[in-house]
Student: 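Okay, here's the structure, questions in a sec.
Counting starts at 1 for both ligands and their atoms, following the listed order. Treat the numbers as computed from the prediction; the structure is a model and nothing was measured.
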Amino acid sequence: MATESQKAEIKVLDDNLKIFSGSSNAALADAVCEYLGIEVGHARIERFPDGERFIRVEDDVRGRDCFVMQSTCKPVDEHLVGLLIYLDCLRRASARRITAVIPYFGYARQDRKDEGRVPITAKLVANLIVTAGADRVLAVDLHAPQLQGFFDIPVDHLTGELVLSRYFRDKQIANLAVVSPDVGNMKTAAMYAAHLGGELAIVHKKRVSGSEVEASEIIGDVQGRNVLMCDDIIATAGTICSAAKLVERLGAEKIYVGATHGVFAAEALERLADAPIDEIVVTDTIPLSDEAKKVKNIKVLSAADMLGEAIRRIHKDESVSSLFNGSD
Ligand code: R5P
């Protein structure tokens, strides 16, 4: 939480710091502004009769430090275009600096050509965001940290691990094994293990199709242990559910899942209901759908304070990376 003196300081600068919210995650933008003790920026968002979007920023932003928050979650194209139009709008209104705050960056997973005649959407979207007017990006768990290099502007990259680890540390899970549900997520799992203690294990996953995965082997021991599986995204839940079944077969006791982005696409909720998972914890980078809200063992933690603190530091030209190493 921002201290009272930090809030007072921001209030003085209030007129210089503006935070606007796209339509994807207004609740998160409200919570971020509450952390900072300021109001969400005012804008009029309407539709022309043909469906085209119209945005008019109602606050004076000339010479101001502006942030636009938008998660490019489902409907992805709709939210992406919303962000681009917002950026264009602020640039043309002479904002001094514009930061695109993207708690969830959609299209991130198509980040290379792994077969012929396919796009690299992560790069395309990064280009669009820069072209539309962003001077900086603030993002959370970009799927692969090297996506930062897709933007030729400064990127501050936060991780949901900061929020999730705190929750699991408070749970004081005994006899813990931190399990990465695939090799790609190993570094993140190591980070959790470093903060929470416990053994580290890695599942070898084979992707059968876009929504089907097979987890058949594990490096590490989960027999008789309570398991925390961590991932950046739960999309179809194929990865997490097949890993959960594997660790259960291998004798794990309680199974917890911590993931930054709860995408929960199509079949995910059914899969999760059938999986041997005690608790699934995600953050609010993506708002939970009404169907997902009905699932009793899904818990949502807020990333608002982390984002709010990062915004405060960017605004004040303070280090953002030190948020993670506790050096100030
Ligand atoms: C994979 O590289 C990611 O870290 C996630 O494990 C994956 O994207 C999750 O997708 P799904 O829930 O569809 O298996």
Student: What distance do Glu291 atom CD and Ile298 atom CD1 have between them, rounded to the nearest 0.5 Å?
Tutor: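 Answer for the CD-CD1 pair, Glu291 versus Ile298, is 10.5 Å.
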Student: With a cut-off of 4.0 Å, which atoms of ligand 1 are near a heavy atom of Ala237?
Tutor: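 Taking each heavy atom of Ala237 in turn, ligand 1 has 11 (P), 12 (O), 13 (O) under 4.0 Å.
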Student: Is there at least one pair of N or O atoms, one from Asn185 and one from ligand 1, spaced under 3.5 Å apart?
Tutor: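 Between Asn185 and ligand 1, no N or O pair is found under 3.5 Å apart.
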Student: Report the part of Thr239 (side chain from C-beta onward, or backbone N, CA, C, O) that has a heavy atom under 4.0 Å from ligand 1; answer both or neither where that applies.
Tutor: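 Thr239 to ligand 1: contacts from backbone and side chain alike.
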Student: For the backbone of Pro145 and the side chain of Gln148, can you confirm whether one donor and one acceptor N or O come within less than 3.5 Å of each other?
Tutor: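 Answer holds: yes.
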Student: At under 4.0 Å between heavy atoms, is it the side chain or the backbone of Ala235 that contacts ligand 1, or both, or neither?
Tutor: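 For Ala235, the contact with ligand 1 is made by both the backbone and the side chain.
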Student: Side chains of Glu161 and Tyr192: is there a donor and an acceptor less than 3.5 Å apart?
Tutor: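 Tyr192 and Glu161 do not have a side-chain donor-acceptor pair below 3.5 Å.
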Student: Indicate, with yes or no, if the rings of Tyr167 and Tyr256 have centres closer together than 6.0 Å.
Tutor: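 Not close enough - the centres of the two rings lie 6.0 Å or further apart.
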Student: Start with the C-alpha gap between Phe67 and Phe20, add the side-chain angles, then the distance that decides, and say whether ring pair (Phe, Tyr, Trp, His ring centres under 6.0 Å) holds.
Tutor: CA-CA 6 Å; Phe67 294 76; Phe20 295 93; over 10 Å; no
Student: May I ask you to check whether Asp232 and Thr260 show a side-chain donor-acceptor distance below 3.5 Å?
Tutor: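 No, no side-chain donor-acceptor contact under 3.5 Å.
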Student: Heavy-atom contacts under 4.0 Å between Thr236 and ligand 1: side chain, backbone, both, or neither?
Tutor: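 For Thr236, the contact with ligand 1 is made by both the backbone and the side chain.
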Student: What is the closest protein heavy atom to atom 6 (O) of ligand 1, and at what distance does it sit?
Tutor: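 Checked against all protein heavy atoms, atom 6 (O) of ligand 1 sits closest to Asp231 OD2, 2.5 Å.
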Student: When you look for heavy atoms under 4.0 Å from ligand 1, do you find them on the side chain of Lys205, its backbone, both, or neither?
Tutor: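 It is the side chain that gets close, since no backbone atom is under 4.0 Å.
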Student: Assess, by modelled atom type and distance only, whether the side chains of Ser24 and Gln70 contain a donor and an acceptor separated by less than 3.5 Å.
Tutor: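 Looking only at side-chain atoms, Gln70 and Ser24 do form a donor-acceptor pair, the distance falling under 3.5 Å.
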Student: Under 4.0 Å from a heavy atom of Asp232: which atoms of ligand 1 are those, numbered in the order shown and with their elements?
Tutor: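 With Asp232 as reference, the close atoms of ligand 1 come out as 3 (C), 4 (O), 5 (C).
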Student: Is a donor from one side chain sitting under 3.5 angstrom from an acceptor on the other, for His261 and Thr285?
Tutor: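 Side chains of His261 and Thr285: pair found under 3.5 Å.
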Student: Does a donor on one side chain and an acceptor on the other come within less than 3.5 Å for Arg64 and Asn16?
Tutor: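 Absent: no donor and acceptor within the cut-off.
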Student: Under 4.0 Å, counting heavy atoms only: does Pro181 come that close to any atom of ligand 1?
Tutor: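 In this structure, Pro181 fails to qualify as a contact of ligand 1 - no heavy atom is under 4.0 Å.
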Student: Got the closest protein heavy atom to atom 9 (C) of ligand 1, with its distance?
Tutor: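 The protein heavy atom lying closest is Ile233 O, 3.4 Å.
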Student: Please confirm whether Val213 comes under 4.0 Å of ligand 1, counting heavy atoms of the residue only.
Tutor: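 No; Val213 lies far enough from ligand 1 that no heavy-atom distance drops under 4.0 Å.
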Student: Using a 3.5 Å distance criterion without hydrogens, assess whether the side chain of Thr121 forms a donor-acceptor pair with backbone atoms of Tyr107.
Tutor: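 Yes; at least one donor-acceptor contact below 3.5 Å.
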Student: Tell me whether Ile234 has any N or O atom under 3.5 angstrom from an N or O of ligand 1.
Tutor: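 N/O-N/O distance below 3.5 Å does not exist for this pair.
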Student: Test of understanding: given a 4.0 Å heavy-atom threshold, classify the contact between Arg207 and ligand 1 as side chain, backbone, both, or neither.
Tutor: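 Answer for Arg207: side chain.
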Student: What protein heavy atom is closest to atom 10 (O) of ligand 1, reported as residue, atom name and distance in Å?
Tutor: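 I find the closest protein heavy atom is Arg109 NH1, 3.5 Å.
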Student: Quick one: which ligand 1 atoms are inside 4.0 Å of a heavy atom on His143?
Tutor: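 Counting from 1, the qualifying ligand atoms are 1 (C), 2 (O), 3 (C), 4 (O).
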Student: Where on Asp182 is there a heavy atom closer than 4.0 Å to ligand 1, on the side chain, on the backbone, on both, or on neither?
Tutor: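 The answer is the side chain.
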